[in-house]
*Asks:* 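To start, I am sharing the structure in question, which I have written as structure tokens.
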Amino acid sequence: MAWDFSTDPEFQEQLDWMRELVRTEVWPIETVFDELGEDGFRRAIKPLQERVKERGLWAAHLPPELGGQGFGQVKLGLMHEILGTSPYAPAVFGNAAPDSGNSEILALAGTPDQKERYLYPLLAGDLRSAFSMTEPETAGSDPTLLRTRAVKDGDEWVINGHKWFSTNGSVADFLIVMAVTDPDARPHQRASMIIVDADTSGVNIVRDIPTMEHPAEHFGRYGGHAEIHYEDVRVPGDALLGGEGEGFMIAQHRLGPGRIHHCMRWLGVSRRAFDMLCERALSRYAFGSVLSDKQTVQNWIADSAAQMQAARLMTLHAAWRMDNEGASAARTDISLIKFFGANVLFDVVDRALQIHGALGYSTDLPLEAMYRYARAARLYDGADEVHRQSVARQILRGYEAHDVPSEHVPTRREEARARFADVLDAVSAND
Ligand SMILES: Cc1cc2nc3c(=O)[nH]c(=O)nc-3n(C[C@H](O)[C@H](O)[C@H](O)COP(=O)(O)OP(=O)(O)OC[C@H]3O[C@@H](n4cnc5c(N)ncnc54)[C@H](O)[C@@H]3O)c2cc1C
């Protein structure tokens with residue numbers, strides 16, 4: 001009987017090292033990121049990236065033959081919990097989204113040429129990528145509605161379509177575009193992934209969309225979400241990533257582990273917010289006591305601790321399942337943690353912000369930024385409602401309809417009377 005919640009001591013040492021590095025070297029960068037600018041940031045993290053490589057922790061999501069560490073999802077999850085505490089830590093460890101997910105699909109489905117041209121430079125940090133699937137005119141929640149088309153013309157694909165929210169699209173060297181290649185195929189076999197160099201003629205990057213995260217429009221910002229028109233974009237036939245019609249299948253490979261990593265990163269953010277909540281509860285005095293003496297605040301602390309513990313165990317369990325039973329066995333668990341984890345993050349950050357009053361709302365603390373980040377978590381990689389729907393559907397497959405509820409007491413009583421007739425007769429004969 002194996003039921004083990006421990007981390008092996010060797011890996012725990014690595015985790016302790018990561019926590020120390022992120023806390024002492026990466027957190028300070030947050031406060032001067034805007035002053036550093038994009039180039040300054042790259043220069044500031046370069047020596048840290050070298051230390052991560054020396055320590056054998058660079059791009060840990062990939063198999064060793066591709067320069068990664070081949071960690072399973074449980075180890076990766078524990079690692080992401082630490083990296084999640086700062087928006088800048090994943091870049092230091094070579095696994096910042098969307099490059100990490102894109103490198104996974106290139107590793108999975110790329111040809112040797114595509115790996116040479118895109119994957120290895122991506123891993124080395126020499127190229128940047130974006131994943132371009134969501135469209136303003138169709139519901140991203142139902143990707144079978146995608147309209148962007150890729151049509152074969154001789155040896156080339158010609159792409160036309162309108163995308164938005166392609167994260168890093170305006171700074172990317174190449175985009176992985178999801179386009180319909182066969183509109184007559186079955187819904188989940190209509191689309192394919194195509195690699196498009198960002199400087200290809202017809203790739204018109206209109207803007208980085210101002211969002212809650214970055215309300216002021218600022219074109220060409222790392223972490224920006226680009227709106228892109230693909231207008232008669234011609235790419236060679238071998239730009240197809242994976243087989244024709246395999247777009248959704250490959251996307252699923254990207255999304256499963258990605259969601260586990262998101263959830264663990266959210267726990268890193270939640271923990272940081274929770275620490276701030278507790279610190280403030282003990283420090284702020286109002287109405288005759290410190291806030292930690294008020295029951296509402298105690299409830300916030302206890303509820304947050306319980307929610308985080310539940311989300312952490314659920315996420316690590318989903319990761320364990322993925323490692324041991326494969327991605328499709330973990331599908332429901334992953335949907336569960338995606339919406340549950342996003343809401344835990346949202347609740348904990350909200351309480352931490354609330355206890356700080358006006359200070360929490362100000363940019364003197366990182367909580368307002370965490371709050372904006374937390375809101376997006378309930379949308380990207382599947383909105384809450386879509387994951388809930390998916391979980392409910394999976395669960396309901398294990399049930400069948402009954403005209404009379406199977407627990408209906410009078411019906412069961414009648415059956416039980418028939419079953420125990422001898423005993424009941426004997427009991428009533430003795431009366
Ligand atoms: C910060 C951020 C980064 C992103 N990065 C990328 C990226 O790099 N590449 C990319 O391609 N896309 C990206 N996206 C887009 C993201 O994947 C989509 O926003 C998401 O899939 C939802 O699609 P939609 O916005 O079109 O919303 P819609 O599909 O229009 O859904 C809107 C709302 O409808 C409701 N809804 C939908 N379906 C159901 C249902 N079955 N039952 C009940 N209610 C339902 C939900 O409340 C949902 O929030 C990003 C989005 C954000 C916010």
Side-chain angles (χ1 to χ4, degrees), residues 84 87 90 95-105 122 128-148 159 161-180 187 191-196 198 203 205-215 217-218 221-230 241 247-248 250-252 254-256 258-259 261-262 265-266 269 334-335 338-339 342-343 345-346 369-394 396:
N95 53 23
D99 290 344
S100 52
N102 290 339
S103 64
E104 268 170 357
I105 51 178
L122 189 63
R128 282 199 207 142
S129 65
F131 187 71
S132 196
M133 175 159 156
T134 307
E135 303 171 345
E137 293 86 7
T138 60
S141 303
D142 181 359
T144 62
L145 302 172
L146 284 179
R147 285 194 198 152
T148 297
I159 306 170
H162 183 197
K163 302 284 190 184
W164 77 342
F165 275 87
S166 301
T167 303
N168 281 354
S170 63
V171 294
D173 298 285
F174 69 94
L175 307 125
I176 298 178
V177 181
M178 190 78 131
V180 174
S192 307
M193 288 190 189
I194 301 179
I195 307 176
V196 178
V203 176
I205 302 179
V206 183
R207 58 173 181 154
D208 275 337
I209 301 151
T211 61
M212 265 179 89
E213 199 181 350
H214 302 298
E217 189 169 342
H218 182 125
R221 183 187 185 119
Y222 182 74
H225 308 292
E227 178 174 355
I228 308 174
H229 285 283
Y230 295 89
L241 178 58
F248 289 121
I250 302 170
Q252 281 311 317
R254 180 184 195 274
L255 289 170
R259 284 173 180 147
H261 307 160
H262 274 317
R265 284 198 287 265
W266 298 338
V269 180
I334 289 171
S335 273
K338 170 63 183 58
F339 76 82
N343 283 276
L345 168 70
F346 187 75
M370 289 178 180
Y371 187 84
R372 290 181 283 123
Y373 168 82
R375 192 62 190 83
R378 294 181 49 204
L379 293 169
Y380 59 72
D381 272 14
D384 289 355
E385 295 75 15
V386 176
H387 284 289
R388 284 194 171 103
Q389 171 178 279
S390 161
V391 166
R393 278 190 181 152
Q394 295 287 333
L396 288 170

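Computation of the quantities below employed the complete heavy-atom set of this structure, encompassing side-chain atoms and omitting hydrogens, waters and symmetry-equivalent molecules. Just so you know, ligand 1 is whichever comes first in the structure, and atom 1 is the first atom listed for that ligand.
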*Asks:* If you measure every N or O of M133 against every N or O of ligand 1, does any of those distances drop under 3.5 Å?
*Replies:* yes
*Asks:* To check your reading of the model: name the closest protein heavy atom to atom 9 (N) of ligand 1, its residue, and the distance in Å.
*Replies:* F131 O, 2.8 Å
*Asks:* Would you check whether D142 has a nitrogen or oxygen atom less than 3.5 angstrom from a nitrogen or oxygen atom of ligand 1?
*Replies:* no
*Asks:* Do N168 side-chain atoms and G223 backbone N/O form a donor-acceptor pair below 3.5 Å?
*Replies:* yes
*Asks:* Scan the protein's non-hydrogen atoms and note whether one is under 4.0 Å from atom 33 (C) of ligand 1.
*Replies:* no
*Asks:* If you define the side chain from C-beta out and look only at heavy atoms, does anything of I228 sit under 4.5 Å from L175?
*Replies:* yes
*Asks:* Is there any N or O on E135 that sits under 3.5 Å from an N or O of ligand 1?
*Replies:* no
*Asks:* Check whether any N or O atom of F165, backbone or side chain, sits under 3.5 Å from an N or O atom of ligand 1, and answer yes or no.
*Replies:* yes
*Asks:* Salt bridge (charged side-chain N to carboxylate O under 4.0 Å, His left out) for E227 and R207? Distances and angles first, verdict last.
*Replies:* CA-CA 6 Å; E227 178 174 355; R207 58 173 181 154; 2.6 Å; yes
*Asks:* Can you pull out the closest protein heavy atom to atom 24 (P) of ligand 1? Residue, atom name and distance to 0.1 Å, please.
*Replies:* G140 N, 3.7 Å
*Asks:* What is the nearest protein non-hydrogen atom to atom 27 (O) of ligand 1, stated with its residue, atom name and distance?
*Replies:* S141 OG, 4.1 Å
*Asks:* Give me the nearest non-hydrogen protein atom to atom 25 (O) of ligand 1 as residue plus atom name, then the distance to 0.1 Å.
*Replies:* T134 CG2, 4.7 Å
*Asks:* Could you check whether any side-chain heavy atom of V386 comes within less than 4.5 Å of a side-chain heavy atom of F339, counting everything from C-beta outward?
*Replies:* no
*Asks:* Show, in sequence, the C-alpha distance, side-chain angles and deciding distance for N102 and S129, and conclude whether the side chain to side chain donor-acceptor pair (under 3.5 Å) test is met.
*Replies:* CA-CA 7 Å; N102 290 339; S129 65; 2.9 Å; yes
*Asks:* Scan the protein's non-hydrogen atoms and note whether one is under 4.0 Å from atom 29 (O) of ligand 1.
*Replies:* yes
*Asks:* Is there a donor in the side chain of S132 and an acceptor in the side chain of Y230, or the other way round, less than 3.5 Å apart?
*Replies:* yes
*Asks:* Decide whether an N or O pair under 3.5 Å exists between A139 and ligand 1.
*Replies:* no
*Asks:* Ligand 1 versus E213, non-hydrogen atoms closer than 4.0 Å: side chain, backbone, both, neither?
*Replies:* neither
*Asks:* Could you check which of V386, L379, D381 puts a non-hydrogen atom nearest to atom 20 (C) of ligand 1?
*Replies:* L379
*Asks:* Please report which non-hydrogen protein atom sits nearest to atom 46 (C) of ligand 1, along with the residue it belongs to and the distance in Å to one decimal place.
*Replies:* E385 OE1, 3.2 Å
*Asks:* Taking the side chain as every heavy atom from C-beta outward, state whether Y373 and P87 have any pair of such atoms under 4.5 Å apart.
*Replies:* no
*Asks:* Which residues pass the side chain to side chain donor-acceptor pair (under 3.5 Å) test with N343, sequence neighbours left out?
*Replies:* R378, D384
*Asks:* Which protein non-hydrogen atom lies closest to atom 4 (C) of ligand 1, naming both residue and atom, and how far is it?
*Replies:* T167 OG1, 3.6 Å
*Asks:* Considering non-hydrogen atoms of the protein only, which is the closest contact for atom 40 (C) of ligand 1, and what is the distance?
*Replies:* Q389 OE1, 3.9 Å
*Asks:* Given side chain to side chain contact (heavy atoms under 4.5 Å, CB included), test F131 with V177 step by step and report yes or no.
*Replies:* CA-CA 6 Å; F131 187 71; V177 181; over 6 Å; no
*Asks:* Classify the ring geometry between H262 and Y380 as parallel (under 30°), tilted (30 to 60°) or perpendicular (over 60°).
*Replies:* tilted
*Asks:* Ring-plane angle category for F346 and Y371, please: parallel below 30°, perpendicular beyond 60°, tilted otherwise.
*Replies:* tilted
*Asks:* To the nearest 0.1 Å, how far is atom 49 (O) of ligand 1 from its closest protein heavy atom, and which atom is that?
*Replies:* A383 CB, 3.4 Å
